Engineer: 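Could you have a look at this structure, given as structure tokens, before my questions?
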Amino acid sequence: MSYLQLFLILTVSASAQAEIIFLDLNDARDEIAHCRAGLAEKSLKDNRGESRPEQLNVIDPARYRSKPGESSLKSKTYHALRAKIEDMNARNVPIDSIVISGEAGNGDFFGSQGVFHQDELFELVNKFPAFAKAWNSAGLWGCYPSNVDDAQQFWFKKIPNLKYTKGFVGPAPNKDRPGNHILMKQFCERRQEDAKASSIDELCRIHDSIQQLTTTTFGLCNRRGIASRQYSEAGRPEKCFTYQQLHDRCPAFINNREYDAIYARYLRGDSEPEEESKTKVSDLRHYYNEMQKWRHCADQFHHQRGHEMPNPGSVI
């Protein structure tokens, strides 16, 4: 290799602009459009009026065409994401963020256009060290993936250099809602700046700066803790917590006999599930939301109550 070739390689590598991958499992066209708008806003600010938006790499698993030799045991999302990572690595383009849009559950995502399993993501993180090193923020656009349990047991435990996530602690707003779109735009515009927050106080300041059109269950997580009003106690203003603080609050959930009575009533067949609407949440759905939010208390629940905490999937 000549010195000129080496110089060009090093120059491209050093100056390559980090980009976002958007895993579209749910045909979320409006979310994609608002992420692009956020990147355009970021570009205008970064370049003082010169518009050169960062690339948004959209992956639609339903459009991916399998290649000979690919394992049928892996999802199309896995193969499509792997191909994109290989392509970007070959072009020396780092991936600093991934948005995953779809229904969520225990680290897995799914939707009308495909599925993506957490073990597949771990495999790609381990297989591509450059990808793992550059990836430092995630937009988790589904219901429940930004609760304490997912943050500790999945995102920050399994992804070595991840620093920041933005998503929803409880039910997420529908993909066609403007309240969803403004949060997406802000994530894509600010993800590099917000990922620098290393303390709870910094995370709290970011939380206070987020604009909302309507009240949502959004939450921000880093390696120190979580900022979300979903964990606020009634009548108290705190919204930013270390993970230890929320583990210390587990007894309040574990000893809530009202929740036990709700669940037992349905298990015995004394009540039929209520009809729900956008404006009405049934008592069983409320219990399900609380189970998701306090899933990190499962070990304490088992130790104190002598039996396993009900699985949220079985509750609903």
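Since the structure is predicted, the reported quantities are computational estimates derived from the model, not experimental observations.
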Engineer: Going from CG on Leu284 to OG on Ser282, what distance comes out if it is rounded to the nearest 0.5 angstrom?
Structural biologist: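 Rounded to the nearest 0.5 Å, the CG-OG separation comes to 5.5 Å.
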Engineer: Considering non-hydrogen atoms only, spot the tightest contact between Ser209 and Arg190 and give its length.
Structural biologist: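 Heavy-atom minimum between the residues: OG-NH2, 2.6 Å.
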Engineer: Can you list the steps and then say if Leu220 with Ile226 is a side-chain contact (heavy atoms from CB on, under 4.5 Å)?
Structural biologist: CA-CA 6 Å; Leu220 313 176; Ile226 184 169; over 6 Å; no
Engineer: Could you go through Glu86 and Arg82, starting from their C-alpha distance and side-chain angles, then the distance that decides it, and tell me whether this counts as salt bridge (charged side-chain N to carboxylate O under 4.0 Å, His left out)?
Structural biologist: CA-CA 6 Å; Glu86 290 174 338; Arg82 176 171 178 163; 3.2 Å; yes
Engineer: Given side chains that start at C-beta, do those of Glu120 and Leu81 come closer than 4.5 Å, heavy atoms only?
Structural biologist: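 Glu120 does not reach Leu81 side chain to side chain.
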Engineer: Without hydrogens or angle criteria, can the side chains of His207 and Glu202 be said to hold a donor-acceptor pair below 3.5 Å?
Structural biologist: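 Note: His207 and Glu202 side chains miss the donor-acceptor criterion.
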Engineer: Show your working on side-chain contact (heavy atoms from CB on, under 4.5 Å) between Leu39 and Glu189 and close with a plain yes or no.
Structural biologist: CA-CA 5 Å; Leu39 294 180; Glu189 178 182 345; over 6 Å; no
Engineer: Is the number of heavy atoms from other residues, nucleotides or ligands under 6.0 Å of Arg305 CZ greater than 12?
Structural biologist: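 Count over threshold, so yes.
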Engineer: Can you list the steps and then say if Glu54 with Lys42 is a side-chain contact (heavy atoms from CB on, under 4.5 Å)?
Structural biologist: CA-CA 9 Å; Glu54 297 163 318; Lys42 180 178 183 299; 3.3 Å; yes
Engineer: Hey, can you tell me if Phe301 and Phe253 have their rings parallel, tilted or perpendicular (30° and 60° cut-offs)?
Structural biologist: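 Taking Phe253 first and then Phe301, their aromatic rings sit tilted (interplane angle of 30° to 60°).
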Engineer: Can you check whether Lys175's main-chain N or O pairs, donor with acceptor, with His181's side chain at less than 3.5 Å?
Structural biologist: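 A pair under 3.5 Å: yes.
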Engineer: Ignoring hydrogens and geometry, is there a side-chain-to-backbone donor-acceptor pair from His34 to Asp30 under 3.5 Å?
Structural biologist: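 Yes, because the side chain of His34 sits within donor-acceptor range (under 3.5 Å) of the backbone of Asp30.
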Engineer: Please check: side-chain N/O of Asp150 versus main-chain N/O of Ser146, any donor-acceptor pairing under 3.5 Å?
Structural biologist: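 No; judged by distance alone, with no hydrogens or angles, the pair does not exist.
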Engineer: I would like to know whether Val125 and Lys158 meet side-chain contact (heavy atoms from CB on, under 4.5 Å); could you show each step before the answer?
Structural biologist: CA-CA 9 Å; Val125 167; Lys158 302 288 187 177; over 6 Å; no
Engineer: With no hydrogens and no angle check, is any side-chain donor or acceptor of Ser137 less than 3.5 Å from a backbone partner on Thr165?
Structural biologist: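 Between the backbone of Thr165 and the side chain of Ser137 there is no qualifying donor-acceptor contact (under 3.5 Å).
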Engineer: What are the two closest non-hydrogen atoms of Ala80 and Ile59, and how far apart are they?
Structural biologist: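 Residues Ala80 and Ile59, closest heavy atoms: CB-CG2, 3.6 Å.
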Engineer: Measuring from atom CE of Met291 to atom CG of Asp149, what distance do you get when rounded to the nearest 0.5 angstrom?
Structural biologist: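 With rounding to 0.5 Å, CE (Met291) is 11.0 Å from CG (Asp149).
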Engineer: Got a second to check how far Glu70's CD is from His79's NE2, nearest 0.5 Å?
Structural biologist: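 Glu70 CD to His79 NE2: 4.5 Å, rounded to 0.5 Å.
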Engineer: Step by step, would you call Asp248 with Tyr243 a side chain to side chain donor-acceptor pair (under 3.5 Å)?
Structural biologist: CA-CA 9 Å; Asp248 290 343; Tyr243 294 121; over 6 Å; no
Engineer: Side-chain heavy atoms nearer than 4.5 Å, only ILVMFWY residues, links allowed to pass through others: does that put Leu246 and Met309 together?
Structural biologist: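 Same cluster: Leu246 reaches Met309 through Ile, Leu, Val, Met, Phe, Trp or Tyr contacts under 4.5 Å.
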Engineer: Quick check against the 3.5 Å criterion: does Asp194 have a side-chain atom that pairs as donor or acceptor with the backbone of Ala197?
Structural biologist: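 Here the side-chain-to-backbone pair does not exist.
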Engineer: Between Ile95 and Phe122, is there shared hydrophobic-cluster membership here, with clusters defined by ILVMFWY side-chain heavy atoms closer than 4.5 Å?
Structural biologist: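 Cluster IDs for Ile95 and Phe122 match.
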Engineer: Counting N and O atoms only, with roles assigned by atom type, does the side chain of Ser43 sit under 3.5 Å from a partner on the main chain of Ala40, one being a donor and the other an acceptor?
Structural biologist: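 Not at all, since once roles are kept as given, no pair shorter than 3.5 Å links the two residues.
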Engineer: Heavy atoms only: give me the nearest Gly179-Ile182 pair and the separation to one decimal.
Structural biologist: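 The answer is O-CG2, 3.6 Å.
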Engineer: With under 30° as parallel and over 60° as perpendicular, where do the rings of His296 and Trp294 fit, or are they tilted in between?
Structural biologist: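 Correct class here is tilted.
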Engineer: Can you measure from CG (Asp60) to CD (Gln113) and round to the nearest 0.5 angstrom?
Structural biologist: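 So the gap between those two atoms works out to 4.0 Å.
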Engineer: Would you say the side chain of Tyr144 lies within less than 4.5 Å of the side chain of Val169, judging by non-hydrogen atoms?
Structural biologist: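 With C-beta onward as the side chain, the pair stays apart.
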Engineer: To the closest 0.5 Å, what do you measure between CG (Asp96) and CZ (Arg191)?
Structural biologist: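 Rounded to the nearest 0.5 Å, the CG-CZ separation comes out at 4.0 Å.
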Engineer: So, is the end of the Arg249 side chain (NZ or CZ) under 6.0 Å from the ring centre of Phe241 and within 45° of the ring's axis?
Structural biologist: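 Geometry flag: set, cation within 6.0 Å and 45°.
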Engineer: Between Phe168 and Pro173, is there a side-chain heavy-atom distance shorter than 4.5 Å?
Structural biologist: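 Pro173 vs Phe168: side chains touch.
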Engineer: To check you understand the geometry: which heavy-atom pair defines the closest contact between Cys143 and Ala172, and what is its length?
Structural biologist: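 Here Cys143 and Ala172 meet closest at SG-N, 3.3 Å.
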Engineer: Ion pair present between Arg205 and Asp201, side-chain N to carboxylate O less than 4.0 angstrom?
Structural biologist: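 A salt bridge is absent here (no side-chain N lies under 4.0 Å from a carboxylate O).
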Engineer: Going hydrophobic residue to hydrophobic residue with side-chain gaps under 4.5 angstrom, can you get from Phe156 over to Ile200?
Structural biologist: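 No, because Phe156 and Ile200 fall into different hydrophobic clusters, even though each may have its own neighbours under 4.5 Å.
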Engineer: Could you check whether Glu41 pairs with Lys45 (Lys NZ or Arg NE/NH1/NH2 to Asp/Glu carboxylate O, under 4.0 Å)?
Structural biologist: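 Result for this pair is no, no salt bridge flagged.
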Engineer: Return yes if a side-chain donor-acceptor contact under 3.5 Å exists between Thr217 and Arg229, otherwise no.
Structural biologist: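 There is no such pair between these side chains.
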Engineer: What pair of heavy atoms forms the shortest contact from Pro94 to Ala134, and how long is it?
Structural biologist: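 Here Pro94 and Ala134 meet closest at CB-CB, 3.9 Å.
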Engineer: Check for me, please, whether Leu23 and Phe154 land in the same ILVMFWY cluster - side-chain distances under 4.5 Å, paths through other members count.
Structural biologist: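 Hydrophobic grouping puts Leu23 with Phe154.
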Engineer: Say you draw a straight line from CD of Glu19 to CG of Leu56; how long is it, rounded to the nearest 0.5 Å?
Structural biologist: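 Glu19 CD to Leu56 CG: 9.0 Å, rounded to 0.5 Å.
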Engineer: Could you go through Glu290 and Lys293, starting from their C-alpha distance and side-chain angles, then the distance that decides it, and tell me whether this counts as salt bridge (charged side-chain N to carboxylate O under 4.0 Å, His left out)?
Structural biologist: CA-CA 5 Å; Glu290 292 298 301; Lys293 187 166 67 178; 3.1 Å; yes
Engineer: State, yes or no, whether a side-chain contact exists between Phe109 and Glu103 at a heavy-atom distance under 4.5 Å.
Structural biologist: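 The answer is no; the side chains never approach within 4.5 Å.
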Engineer: Check for a donor-acceptor pair, side chain of Asn26 on one end and backbone N or O of Ala28 on the other, with a separation under 3.5 Å.
Structural biologist: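 Looks like no, no N/O pair under 3.5 Å.
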Engineer: Is Lys166 close enough and on-axis enough to Phe187, meaning under 6.0 Å and within 45°, for cation-pi?
Structural biologist: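 Here Lys166 fails the 6.0 Å and 45° test against Phe187.
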Engineer: Does Arg223 use its side chain to pair, donor to acceptor, with the backbone of Leu162 at less than 3.5 Å?
Structural biologist: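 Confirmed, Arg223 side chain pairs with Leu162 backbone.
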Engineer: Please work out whether the ring planes of His286 and Tyr259 are parallel, tilted or perpendicular, with thresholds of 30° and 60°.
Structural biologist: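 Answer is tilted, since the angle falls between 30° and 60°.
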Engineer: Within the 3.5 Å criterion, strictly below it, is a donor on Tyr164 or Gln192 matched to an acceptor on the partner's side chain?
Structural biologist: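 No.
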Engineer: Quick one: do Asp24 and Arg29 make a salt bridge, cutoff under 4.0 Å?
Structural biologist: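 A salt bridge is absent here (no side-chain N lies under 4.0 Å from a carboxylate O).
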Engineer: Check the side chains of Tyr78 and Glu123 for a donor-acceptor pair under 3.5 angstrom, ignoring hydrogens and angles.
Structural biologist: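 Result is yes, a qualifying pair exists.
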Engineer: Taking the side chain as every heavy atom from C-beta outward, state whether Asn180 and Glu31 have any atom pair closer than 4.5 Å.
Structural biologist: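 In contact.
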Engineer: So for atom NE2, which belongs to His303, do other residues, nucleotides or ligands contribute more than 12 heavy atoms lying within a distance under 6.0 Å?
Structural biologist: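 It does not: His303 NE2 has 12 such atoms or fewer within range.
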Engineer: So, for Pro145 and Trp155, which heavy atoms are closest and what is the spacing to 0.1 Å?
Structural biologist: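 Scanning both residues completely, I find the closest heavy atoms to be O-NE1, 3.4 Å.
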Engineer: Within the structure provided, determine whether Trp135 and Asn161 are in side-chain contact (heavy-atom separation under 4.5 Å).
Structural biologist: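 No; the side chains remain at least 4.5 Å from each other.
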Engineer: Is it true that a side-chain atom of Asn174 and a backbone atom of Arg177 form a donor plus acceptor pair closer than 3.5 Å?
Structural biologist: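 Side chain of Asn174 to backbone of Arg177: no pair is present.
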Engineer: So with a 6.0 Å cut-off around CG of Asp119, is the heavy-atom count from everything else above 12?
Structural biologist: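 Check passes, neighbour count above 12.
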Engineer: Are any of the side-chain heavy atoms of Phe131 and Lys84 separated by less than 4.5 Å?
Structural biologist: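 A side-chain contact is absent here, since even the closest heavy-atom pair is not under 4.5 Å.
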Engineer: Please answer: with hydrophobic residues joined when any side-chain heavy atoms are less than 4.5 Å apart, are Tyr287 and Tyr231 in the same cluster?
Structural biologist: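 The answer is yes; both residues are in one hydrophobic cluster.
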Engineer: Should Thr77 and Leu25 count as side-chain neighbours, where that means a heavy-atom distance under 4.5 Å?
Structural biologist: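 Answer yes - side chains close enough.
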Engineer: Please check: side-chain N/O of Asn147 versus main-chain N/O of Gln292, any donor-acceptor pairing under 3.5 Å?
Structural biologist: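 Yes; judged by distance alone, with no hydrogens or angles, the pair exists.
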